[in-house]
Number of protein chains: 2
Amino acid sequence: MRADAQRNAARLRTAAAELFGEQGLQVSLKEIARRAGVSHGTLYNLFGSREALLDEVVADLAATRLGEAARRALACPGAWEGFAGYVTEVCELQAVDPAMGDVLTRRFPDASRLMAVCDNSFAAAESIIERARLDGSLRSDFTASDLLFFFASHAPLARAAASAGSDAWRRGVSFMLDGLRAAAAKPIAVEPMSAEQINRLLMP
Amino acid sequence: MRADAQRNAARLRTAAAELFGEQGLQVSLKEIARRAGVSHGTLYNLFGSREALLDEVVADLAATRLGEAARRALACPGAWEGFAGYVTEVCELQAVDPAMGDVLTRRFPDASRLMAVCDNSFAAAESIIERARLDGSLRSDFTASDLLFFFASHAPLARAAASAGSDAWRRGVSFMLDGLRAAAAKPIAVEPMSAEQINRLLMP
DNA sequence: CCGTAACTTGACCCCGCGGTCAACATGTCT
DNA sequence: AGACATGTTGACCGCGGGGTCAAGTTACGG
């Protein structure tokens, strides 16, 4: 790879990171090129697709952010506090960082590394949930799909609220958490969706 | 108004009702005209704007649907059952009918009749909430803005799930309701948003 | 220093959106 | 029946999205 191409790729990566962080994962590719000070042809030349860009720019970041949150949750002495902290932390990520919001909210099947991150996060969420369920603090009918569903519905408004300077999304999270304690649970008739069903739901 | 114009207006109204019901309130106006078998110029000629169309086609429907739900809630002997039934019923409307989903989720300031419907619904929600709060069954820190916030985040995924043939959105509603019982409440630090703040949030 | 391979560019394609308007058609009233 | 008002139409505008590619430029190895 020639030196100038490398420079351009770097510029594009940082521009993409900025714009994904400001506007979410579906900014126009031409706008990314514009911000990088490069022709959009070059972007297509160097990356070929939005998905490739996502894999290079967002996947690692998301992995560490979500991984950290999960790690903290499992390291927490109380299973419930771990779970509740995890939910809150992820919601905060969503509210503050549009890119993170979209990672949990949209699916880009061709971004394989990103998809892997999603799968890992789902697995991590399952552990966190499992721990709190076994512990008796989390209601026993709550599944990782339910959590994913909640995250997905939560993200857009939380982001809007946060960018309007409000923390009000925290209220919704609190209400939800209060409903997830085992003590609060009333029986539910409906089955949860499978992870695949939700994934299909989130495809663009 | 000439007879043919009346015919065309009628056709456009029904086409608009259909498409709003199938795809939500932001279908392309040209597509509405296409479905009505009429030039899009005619649509602009007869209505002038999407908002005018909304006022003529969606406002009444929404008013009766939401009004009915509110009426039923207040007629319910149990304040909590009234409240919970109202929430569930509205969520069902959102899941089943994209137009209804958008009425609660988006704001079209220039559609004055529709906006009036929204305001009325908000007021109705306040009564329903107030009744259940006074009754001691609903947690006392829950406000109509919180409910609106919940509806707004809930609508898109619920619609997607429903159109994929799943009822799973009901689970989220149940979790939420379980967290709204007075008995389940833990204190919350954050203030709710004002109705105006949320309205601004929902503007297109 | 020069030739070639690697790279960049921007004009161009297609699409669909909202919106306007001159030219045309058709109801309607005398 | 005829004339005028009332409606209709579709081409046209500007915008911005994704995507491609011939022509031009630039880095780099010999």
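Chain identifiers are assigned alphabetically (A, B, ...) following the order of the sequence lines, protein sequences preceding nucleic acid strands; residue numbering begins at 1 within each chain.
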(request) Only pairs at least two apart or in different chains count here, so list each ring-ring contact (aromatic ring centres under 6.0 Å, His included) that has a residue in residues 8-52 of chain B. (result)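 Qualifying pairs, neighbours excluded: none.
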(request) Scan residues 155-179 of chain A for pairs that pass ring-ring contact (aromatic ring centres under 6.0 Å, His included), counting only residues two or more places apart or in two chains. (result)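 Listed once each, the pairs are A:His154-A:Trp169, A:Phe175-B:Phe142.
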Do [X] and [N] share a donor-acceptor pair, side chain to base, under 3.5 Å?
{"X": "B:Thr42", "N": "D:dG7", "value": "no"}
{"X": "B:Ser28", "N": "C:dG16", "value": "no"}
{"X": "A:Lys30", "N": "D:dG16", "value": "no"}

(request) Round to a whole Å and report the spacing from NE2 of A:His40 to P of D:dG19. (result) 11 Å
(request) Sequence neighbours left out, what pairs pass salt bridge (Lys or Arg N to Asp or Glu O under 4.0 Å) with at least one residue falling in residues 30-43 of chain B? (result) B:Glu18-B:Arg35, B:Glu22-B:Arg35
Tabulate below the donor-acceptor pairs under 3.5 Å that side-chain atoms of residues 184-196 of chain B make, not counting sequence neighbours, or state none.
{"residue": "B:Ser194", "atom": "OG", "partner": "B:Glu196", "partner atom": "OE1", "Å": "3.4"}
{"residue": "B:Ser194", "atom": "OG", "partner": "B:Gln197", "partner atom": "N", "Å": "3.1"}

(request) Check whether any side-chain nitrogen or oxygen of A:Asn45 sits under 4.0 Å from OP1 or OP2 of C:dT8, and answer yes or no. (result)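 Result: yes.
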(request) Look at the side-chain N and O atoms of B:Arg34 and state whether any lies under 4.0 Å from the OP1 or OP2 oxygen of C:dC17. (result)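 Answer is yes, contact under 4.0 Å.
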(message) Whether B:Asp146 and B:Arg139 form a salt bridge (side-chain N of Lys/Arg under 4.0 Å from carboxylate O of Asp/Glu) is what I want to check.
(response) no
(request) Taking side-chain hydrogen bond (donor to acceptor under 3.5 Å, both in side chains) as the test, write out the residues that go with B:Asn199, two or more places apart. (result)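 Testing B:Asn199 for side-chain hydrogen bond (donor to acceptor under 3.5 Å, both in side chains), a comparison that skips the adjacent residues, returns B:Arg107.
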(request) With sequence neighbours excluded, tell me which residues meet side-chain hydrogen bond (donor to acceptor under 3.5 Å, both in side chains) with B:Ser137. (result)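 For B:Ser137, the residues satisfying side-chain hydrogen bond (donor to acceptor under 3.5 Å, both in side chains) (neighbours in sequence not counted) are B:Asp135.
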Protein N or O to nucleotides 1-3 of chain D N or O, pairs below 3.5 Å:
none

(request) Between protein and nucleotides 22-30 of chain C, map the contacts as a letter string: B base, S sugar-phosphate only, - none, heavy atoms under 4.0 Å, written 5' to 3'. (result) ----BSS--
(message) Using the side-chain contact (heavy atoms from CB on, under 4.5 Å) criterion, which residues pair with A:Arg65? Sequence neighbours excluded.
(response) A:Leu61, A:Leu93, A:Asp97, A:Met100
